[in-house]
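Just below is one structure, and these are the notes that go with it.
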Protein chains: 2
Amino acid sequence: MRRHAEFDPQDFLPYLLNQAAEALSLEFQRHYRGQYGMLRTEWRVLFHLGCYGEMTAKEICVRARLHKTKVSRAVAALQTKRFLTRRELERDRRHAVLQLTAKGNRVFADLSRAAHAFDSEVRAAMTHDEAEVLHRCLVRIARFETVQRTG
Amino acid sequence: MRRHAEFDPQDFLPYLLNQAAEALSLEFQRHYRGQYGMLRTEWRVLFHLGCYGEMTAKEICVRARLHKTKVSRAVAALQTKRFLTRRELERDRRHAVLQLTAKGNRVFADLSRAAHAFDSEVRAAMTHDEAEVLHRCLVRIARFETVQRTG
DNA sequence: AACTATTGGTTGTAAATGTAACTAACAAGC
DNA sequence: GCTTGTTAGTTACATTTACAACCAATAGTT
């Protein structure tokens, strides 16, 4: 049936990578979406604040490689959910340091635990060596030449 | 600075996988979007038709793991671009076999070449063995238990 | 101080996506 | 033939995202 036998979608890395990423994202969504009504970007922002501690929106943009509008909206949503607070800096009132509330920290702790468990579950499908290689390759690919989008 | 040192976003597979997938997708977009004004789903549908030959929308849904509405819209778009034609089956007029036009095939050939080149470029960042492991792991992950979405 | 450029962040609007409800064709049971 | 169920595909509407324009604060220049 195949006409251009020289190229199977499964062998095209962007395609395969997307399939894999989507499979995992969709599965993990259940946790932050189902339990807390959060969107993916909100989860990412919370995740970063939880992992690294307080920081400005700009820092999140750079670290998480998210566009500032996405972060802006996610922060607003997390704020109305009372998961974080913003504190303006006097020395430069353009910046606002974001910080998880106690509630936000509890949610982070819960999701962090779920993430850990999920991660282990996925890793169980491969050997330790394979996981090492996978990680190394993904990091390399993630750093692959991309257009500016941290604006 | 890190507070919960036990978990770095970079170590969370869904996250890392997403970063990697997005980096590649964004980069490859230039080809199908910039040159032909195609959306990602359109490119995927074209890709599948090009690789495997004519098939129905339903078959594309299953193979590409895309929801039927996405495929429906992509097919409509590709049709107005004159990249494919649809031929109803007499024996079951619910089905329509989709087939690339000559123009569609030329576009596929061009993008297929670009995809090949891009794939090689990415693979150049790793050894042959690494690429093998990566591929194997990704296929395994892509098949990971997911909710039904080929409906 | 005034003038421009840059930066952090928000908002408006169009495009894209997800979900559910729908239509049309067929199939099975009666 | 008529009802009920299923399947392929479309459409309508709500949610999400992308992109550009915008605002306010600061920095740099004169």
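We name chains A, B, ... by the order of the sequence lines, and we start the count at 1 in each one.
Atom-to-atom distance recorded for A:H95:NE2 and A:E59:CD is 9.0 Å, nearest 0.5 angstrom.
The NZ atom of A:K68 sits 11 Å away from the C1' atom of D:dC23 (whole-angstrom rounding). Going from atom NZ of A:K70 over to atom P of C:dA16 covers 15 Å, rounded to whole Å. Rounded to whole angstrom, the span from the NE2 atom of B:H67 across to the P atom of D:dA12 amounts to 17 Å. Across the protein-nucleic acid pair, A:L26 atom CG and C:dT17 atom P stand 14 Å apart, rounded to whole Å. Per the geometry, CZ belonging to B:R91 stands 12 Å off P belonging to D:dA8, to the nearest Å. Following rounding to the nearest Å, A:L66 (CG) and C:dG8 (P) show an atom-to-atom distance of 16 Å.
In this structure the side chain of A:F118 reaches within 4.5 angstrom of the side chain of B:F12, judged on heavy atoms. You'll find the side chain of A:Q35 stays beyond 4.5 Å of the side chain of A:V107, heavy atoms only. The closest side-chain heavy-atom distance from A:P9 to A:L16 is not below 4.5 Å. Looking at B:L13 and A:L138, their side chains come closer than 4.5 Å, going by heavy atoms from C-beta outward.
Scored by the salt bridge (charged side-chain N to carboxylate O under 4.0 Å, His left out) test, A:R113 finds A:D110 as partners (sequence neighbours excluded). Applying the side chain to side chain donor-acceptor pair (under 3.5 Å) test to B:R106 and every residue at least two apart in sequence or in another chain returns nothing. Looking at residues two or more places apart in sequence or on another chain, you find a salt bridge (charged side-chain N to carboxylate O under 4.0 Å, His left out) between A:R87 and A:E54. Judged as a salt bridge (charged side-chain N to carboxylate O under 4.0 Å, His left out), and not counting sequence neighbours, the contacts of B:E130 are A:R136, A:R140. Residues passing the salt bridge (charged side-chain N to carboxylate O under 4.0 Å, His left out) test with B:R94 are B:D92, sequence neighbours excluded.
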With a 3.5 Å cut-off and sequence neighbours excluded, list the donor-acceptor pairs that the side chains of residues 38-51 of chain B form with protein atoms.
{"from": "B:R40", "atom 1": "NH1", "to": "B:S25", "atom 2": "OG", "distance (Å)": "3.3"}
{"from": "B:E42", "atom 1": "OE1", "to": "B:K81", "atom 2": "NZ", "distance (Å)": "2.7"}
{"from": "B:H48", "atom 1": "NE2", "to": "A:Y15", "atom 2": "OH", "distance (Å)": "2.9"}

Determine all donor-acceptor pairs shorter than 3.5 Å in which one atom belongs to a side chain in residues 70-80 of chain A; sequence neighbours excluded.
{"from": "A:T80", "atom 1": "OG1", "to": "A:A77", "atom 2": "O", "distance (Å)": "2.9"}

Can you pull every protein N or O that's under 3.5 Å from an N or O on nucleotides 1-7 of chain D?
{"from": "D:dT7", "atom 1": "O2", "to": "B:R94", "atom 2": "NH1", "distance (Å)": "2.9"}

Pairs: protein N or O with nucleotides 11-13 of chain C N or O, under 3.5 Å:
{"from": "C:dG12", "atom 1": "N7", "to": "A:R73", "atom 2": "NH2", "distance (Å)": "3.3"}
{"from": "C:dG12", "atom 1": "O6", "to": "A:R73", "atom 2": "NH1", "distance (Å)": "3.4"}
{"from": "C:dG12", "atom 1": "O6", "to": "A:R73", "atom 2": "NH2", "distance (Å)": "2.7"}

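The other members of the hydrophobic cluster of A:V97, by chain and number, are A:L89 (side-chain heavy atoms under 4.5 Å, ILVMFWY only).
Against DNA chain D, the stretch residues 76-90 of chain A makes no heavy-atom approach under 4.0 Å. Taken residue by residue, residues 33-43 of chain A places no heavy atom nearer than 4.0 Å to DNA chain C.
In terms of position along DNA chain D, the nucleotide closest to B:A96 lies nearer the 5' end than the nucleotide closest to the other residue of the pair A:D92 and B:A96.
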